2 protein chains.
Amino acid sequence: MVKVRTIKDIAELAGVSTGTVSRALAGSELISKKTREKIQALADEHGFRPNIMARNLRIQRTGAIGVLIPLGHETGQHISDPFFITMLGLLADALTEKGYDLVLSRVIPTDGNWLDRFVDSGRVDGLIVIGQSDQVATLDRVAARYRPLVVWGGYTEGQVHCSVGSDNRKGGYIAAKHLLERGCSRLAFFGDPKALEIGQRLEGCRDAMADAGLSDRLTVLPAHLVAEAAHPDIARFLGSVSERPQGIVAASDVIAMSALRALSEFGLAVPGDVHVIGYDGLAICEQTVPRLSTVSQDLTQGAHHMVDMLLRRIAGEDTQSVVMEPQLIVRMSS
Amino acid sequence: MVKVRTIKDIAELAGVSTGTVSRALAGSELISKKTREKIQALADEHGFRPNIMARNLRIQRTGAIGVLIPLGHETGQHISDPFFITMLGLLADALTEKGYDLVLSRVIPTDGNWLDRFVDSGRVDGLIVIGQSDQVATLDRVAARYRPLVVWGGYTEGQVHCSVGSDNRKGGYIAAKHLLERGCSRLAFFGDPKALEIGQRLEGCRDAMADAGLSDRLTVLPAHLVAEAAHPDIARFLGSVSERPQGIVAASDVIAMSALRALSEFGLAVPGDVHVIGYDGLAICEQTVPRLSTVSQDLTQGAHHMVDMLLRRIAGEDTQSVVMEPQLIVRMSS
DNA sequence: TGGAAAAATGCAATCGATTGTATTTCGCGC
DNA sequence: GCGCGAAATACAATCGATTGCATTTTTCCA
């Protein structure tokens, strides 16, 4: 059997021109049904697939979307973070559904050009960035010149880049308020506010404390986002602090999990001695002992929003940032 | 300022031919140092990046590696599984280091052609498949005709496809033996042996039981791999079984975590009433209460092996499957 | 059956870079 | 100043598919 690699081979076999083959395989109505079917039969008889690179060059699109994970404000952070993974899986599904490939790239922003490099590489038709980290300025600058860019994260007044995320301030507020209602009056916030979203969550906590007249009763521990790195931070904190907090608002579920473990090591009962609440609403919250209360963001909906908006932006439309409602989920830890 | 998009634009600006520009940017010695530097200066003054699609078409490579996750033996399984995520992150790092992009694709094998489709799409220079699931036959068939394919998973005598993984049988053996040494004589194995690796782990357990003369004391629960799905399986099992196992060998850390929770809900102490050991050695084991004993596979090394071997295969070399040593890590749960 | 409109197909330019070969330029010795 | 070899650069084919336009074939009606 002849090797069939190109459209030209098919054309010869069918005794037609390459143009006809191209149109036939694309299912164009310009080609008579008879030849169209003949060519299609020939194509899958030989397992022929048109060369994607040639196609991409000609039609000027790659069929791929880049997903970037900037690990800005802390170098140790790993892509293995359950939050990223969850989001990544959802994006993979949503993009596949729309016929796009997902090109994954982990980025450690060493200079201000990490994003430009990817944009200009021409490898992808659009870009989704997961998390703003401390790179808001870079994101805004690039967004000003590159349309097909959507970011997961917080929204700030006047922000240039298009973002999808939950109302972090409100989420933080809800979390703190919940713990206050549980009778806590001294709270600690675990998380590094240098990252935009986390900063907003902290602000929300502060608002709640202020509303309760307890503004001076909130301690902030800029714990790492990574579980392995957060644990020692937390242990040190619990060991050194004079007045133990009665409630802990963790900036993420992963940090909350580390907190649970550290508390258990200090012989403190949850929620007996200390109330704990996480943030994100990951599936893993259900697997902790005790099961973790959390402020949930609808990641599935978020992923769909991002893909949707990105495709619209690729098509030239303009889109507004989306801020979703966070939701309090009370389980056993608070 | 003129828009500079193509090599031709640069050529005009520099007053040379496109060929010269191409060579200059590639740093070819054929071009005089003077023009070379002039052109390079011009290029980054205008932020010029050669079009990747054109380049790919011409040199016949994509610069991308596909990473596939077949979710064969259970449809509910999610890409959000911590094991996949960990592996994915490691692969992303290793591939980036070698200058390759990572194209992620989640696959639910509905027919025997899922792998062929990807291979023939021409989107990537090589393929890494994470986990054999129950698709060994498909993998072998494709491997016979497509060289640049490396698979994470178990190794079986006579296997056609090139795999990297740990000695699952040995790992299962170690796990069961450890629990036997802890004084357990009734064991349960949690995991669905339809997946090759898990089947091998179960065999190892059986070996250990046989060596101890306790062959009839092992119960198998084909629990789901996903945490959310495994938990009800396990709860049902614990509720229905007449003689409670004294030790549980979980086929993965995620299953072990579900087991920990279920046990705690049944009021059983770990390791007091029941000893538990997981498999994989994920970072998340450190975060459970109590911290989880496990049989660890060196995923970092595994990822590097896979990338290494894949590149050698792309280069035309042949490579043998790799079977790594599993390692027992004893923490608090056993 | 002639002929115009419609349908089907062929032709050739194009996407943007790479690269083998042809051509020009330069340096240098006589 | 000429000629020669080497160095530098230009030319043009090529990768494989898509697509506007030209051309051929078919259809159908008078």
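As the structure is a prediction and not an experimental result, all values here were calculated from the model.
- Counting to the nearest Å, the C1' atom of C:dC15 and the CD1 atom of B:I52 are 15 Å from each other.
- Nucleotides of DNA chain D nearest to B:T18 and A:F48 differ in position, and the one nearer the 5' end is that of B:T18.
- Taking a cutoff of 4.0 Å between a charged side-chain nitrogen and a carboxylate oxygen, B:R145 and B:D116 qualify as a salt bridge.
- Between A:R36 and A:E29, some side-chain heavy-atom pair lies under the 4.5 Å cut-off.
- An OP1 or OP2 oxygen of C:dG16 is reached within less than 4.0 angstrom by a side-chain nitrogen or oxygen of B:R5.
- The nearest whole Å value for the distance from the CG atom in B:N56 to the C1' atom in C:dT19 is 16 Å.
- Dashed line: the shortest gap from a side-chain N or O of A:Q60 to OP1 or OP2 of D:dT18 is not under 4.0 Å.
- Computed from coordinates, the A:I59 CD1 to C:dG16 C1' distance equals 15 Å when rounded to whole Å.
- Between B:T6 and C:dG16 there is no side-chain polar atom (N or O) within less than 4.0 angstrom of OP1 or OP2.
- From B:Q40, atom CD reaches atom OG1 of B:T35 across 10.0 Å, with rounding to the nearest 0.5 Å.
- As rounded to whole Å, 12 Å separates atom P of C:dT19 from atom CG of B:L57.
- At C:dG16, none of the side-chain N or O atoms of B:R55 fall inside 4.0 Å of OP1 or OP2 (strictly under the cut-off).
- Annotation: the span from A:L104 atom CG to B:L91 atom CG amounts to 10.0 Å, rounded to 0.5 Å.
- The distance between atom CG of A:N51 and atom C1' of C:dC15, rounded to the nearest whole Å, is 13 Å.
- Taking CZ of A:R123 as the start and OG1 of B:T62 as the end, the distance is 8.5 Å to the nearest 0.5 Å.
- A:I10 places its CD1 atom 13 Å from the C1' atom of D:dG16, with the value rounded to the nearest Å.
- Using a 4.0 Å heavy-atom distance criterion, B:G122 is classed as making no nucleic acid contact.
- Considering A:S17, A:P50, A:S22 as possible partners of A:I7, the one that fulfils the side-chain contact (heavy atoms from CB on, under 4.5 Å) test is A:S22.
- Near-neighbour residues of DNA chain D inside residues 20-34 of chain B, defined by a heavy atom below 4.0 Å, number-ordered: B:T20, B:R23, B:L30, B:I31, B:S32.
- If you take NE2 on B:H161 and OG1 on B:T156, they are separated by 7.0 Å, rounding to the nearest 0.5 Å.
- Contact annotation: B:T35 side-chain N/O to D:dA8 OP1/OP2 distance is not under 4.0 Å.
- When the C1' atom of C:dT18 is taken as reference, atom CZ of B:R58 falls 5 Å away, rounded to whole Å.
- Summarising the geometry, the separation between CE on B:M53 and C1' on C:dT18 is reported as 16 Å, rounded to the nearest angstrom.
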